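For ligands, and for the atoms within them, numbers begin at 1 and follow the listed sequence. Quick caveat, the model's predicted, so the values are computed rather than measured. For the numbers below, each heavy atom of this structure counts, side chains included, while hydrogens, waters and symmetry mates do not.
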Amino acid sequence: MKISRAFEEDIESLCRIEKEHEGYAFWGKAGFEAEFSKPFSVTLKAQEGNLTAGFINFWILRPKTEINTLVVSKSFLRRGIGKALLNKALEYAKKNECNQALLEVSCVNAAAVSLYLSMGFEKISVRPKYYNNTYDALVMAKRIEI
Ligand SMILES: CC(C)(COP(=O)(O)OP(=O)(O)OC[C@H]1O[C@@H](n2cnc3c(N)ncnc32)[C@H](O)[C@@H]1OP(=O)(O)O)[C@@H](O)C(=O)NCCC(=O)NCCS
């Protein structure tokens with residue numbers, strides 16, 4: 001697996017991956033274009049051979065980084081790609097002098113919550129009924145040693 005920076009020419013494959021996950025926040029072409037135009041926004045993609053297998057987007061808001069989205073293609077789940085993308089994002093944030101990573105996740109997203117806990121993120125607060133006025137958002141944080 002290779003992880004590298006994603007650019008505008010990757011938008012089509014990034015949209016294809018996010019569409020696979022019904023119910024998950026959908027950025028679409030316009031959303032990705034907006035992200036690529038922000039100087040503090042970073043998108044990394046994971047590639048298996050010539051296929052894009054997943055991506056992560058985060059903001060470098062020194063001294064914090066905010067993880068906005070992390071999605072792995074359904075055909076590549078449970079192969080360590082989500083973890084590898086998150087690790088790379090944390091590495092990137094560390095190099096950019098961020099000492100804390102923050103993210104929000106739905107309390108019913110067992111896969112993601114489990115991934116974040118396994119990587120040392122801790123729940124720091126709850127936003128009640130944040131998603132669809134139904135599910136709570138967990139705000140999770142991880143300290144980055146710089
Ligand atoms: C969450 C997501 C990114 C995980 O990607 P992944 O590549 O399958 O995850 P990994 O293979 O790196 O898993 C690492 C660890 O996370 C946990 N995990 C991942 N998927 C899990 C699942 N379905 N159930 C329980 N734990 C899970 C496990 O601890 C796993 O370690 P293990 O495989 O050794 O048990 C993926 O399920 C996804 O794209 N979901 C849809 C989008 C989404 O909800 N993103 C999160 C946004 S907050």
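For Phe36, the CZ atom counts as densely surrounded, since its 6.0 Å shell holds more than 12 non-hydrogen atoms of other residues, nucleotides or ligands.
Atom 44 (O) of ligand 1 has as its closest protein heavy atom Asn109 ND2, 2.6 Å. Atom 47 (C) of ligand 1 has Tyr24 OH, 3.1 Å as its closest protein atom, hydrogens excluded (heavy atom only). Looking only at protein heavy atoms, the nearest one to atom 17 (C) of ligand 1 is Ser114 OG, 3.3 Å. In this structure, atom 41 (C) of ligand 1 lies nearest to the protein heavy atom His21 ND1, 3.4 Å. In this structure, atom 5 (O) of ligand 1 lies nearest to the protein heavy atom Val72 CG2, 3.6 Å. Remark: minimum distance from atom 36 (C) of ligand 1 to any protein heavy atom is reached at Leu77 CD2, 3.5 Å. The nearest protein atom to atom 18 (N) of ligand 1, hydrogens excluded, is given as Ala111 O, 3.7 Å; this is a heavy-atom distance.
Near Arg79, the atoms of ligand 1 lying under 4.0 angstrom from a non-hydrogen atom of the residue are 11 (O). Near Lys83, with a cut-off below 4.0 Å to any heavy atom, the atoms of ligand 1 are 12 (O). Ligand-side atoms of ligand 1 in range of Val71: 39 (O), range being under 4.0 angstrom from any heavy atom.
Interatomic distance, CG of Asp10 versus CZ of Arg16, reported as 11.0 Å (0.5 Å rounding). Between Arg143 atom CZ and Glu122 atom CD the span is 11.5 Å, to the nearest 0.5 Å.
There is no protein heavy atom closer than 4.0 angstrom to atom 34 (O) of ligand 1. Distance screen at 4.0 Å: atom 2 (C) of ligand 1 has no protein heavy-atom neighbour inside the cut-off. Counting only heavy atoms, the protein gets under 4.0 Å from atom 11 (O) of ligand 1.
Here the side chain of Glu20 pairs a donor or acceptor atom with the backbone of Lys74 at under 3.5 angstrom. At distances below 3.5 Å, at least one donor-acceptor pair connects side-chain atoms of Glu18 with backbone N or O atoms of Gly28. Listed for the Thr134 side chain is no donor-acceptor partner under 3.5 Å among the backbone atoms of Lys129.
Close N/O approach between Ser118 and ligand 1 is not found [any backbone or side-chain N/O within under 3.5 Å]. Any N or O atom pair closer than 3.5 Å counts here, and Gly82 shares at least one such pair with ligand 1. The distance criterion of under 3.5 Å between nitrogen or oxygen atoms is met by Arg78 with respect to ligand 1. For the pair Ala112 and ligand 1, the shortest N or O to N or O distance does not fall below 3.5 Å. Inclusion of Leu70 in the set of residues having an N or O under 3.5 Å from an N or O of ligand 1 is warranted. The shortest N or O to N or O distance between Gly80 and ligand 1 is under 3.5 Å.
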Trace of the side chain to side chain contact (heavy atoms under 4.5 Å, CB included) decision for Met1 with Glu48: CA-CA 5 Å; Met1 180 209 327; Glu48 285 285 4; 3.6 Å; yes
Trace of the side chain to side chain donor-acceptor pair (under 3.5 Å) decision for Asn57 with Thr69: CA-CA 5 Å; Asn57 171 275; Thr69 189; over 6 Å; no
Does the pair Thr43 and Arg5 meet the rule for a side chain to side chain contact (heavy atoms under 4.5 Å, CB included), with working shown? CA-CA 6 Å; Thr43 305; Arg5 190 100 185 225; over 6 Å; no
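With a 4.0 Å heavy-atom cut-off, ligand 1 is reached by the backbone of Leu115 and by its side chain too. In Tyr116, the part holding a heavy atom less than 4.0 Å from any atom of ligand 1 is the side chain.
Residues Met119 and Leu70 share a single hydrophobic cluster, defined by chaining ILVMFWY side chains whose heavy atoms lie under 4.5 Å apart. Clustering ILVMFWY residues whenever any of their side-chain heavy atoms sit less than 4.5 angstrom apart, transitively, puts Leu103 in a cluster other than the one holding Phe55.
No side-chain N or O of Glu33 forms a donor-acceptor pair with one of Trp27 less than 3.5 Å apart. Between the side chains of Glu35 and Ser41, at least one donor N or O sits under 3.5 Å from an acceptor N or O.
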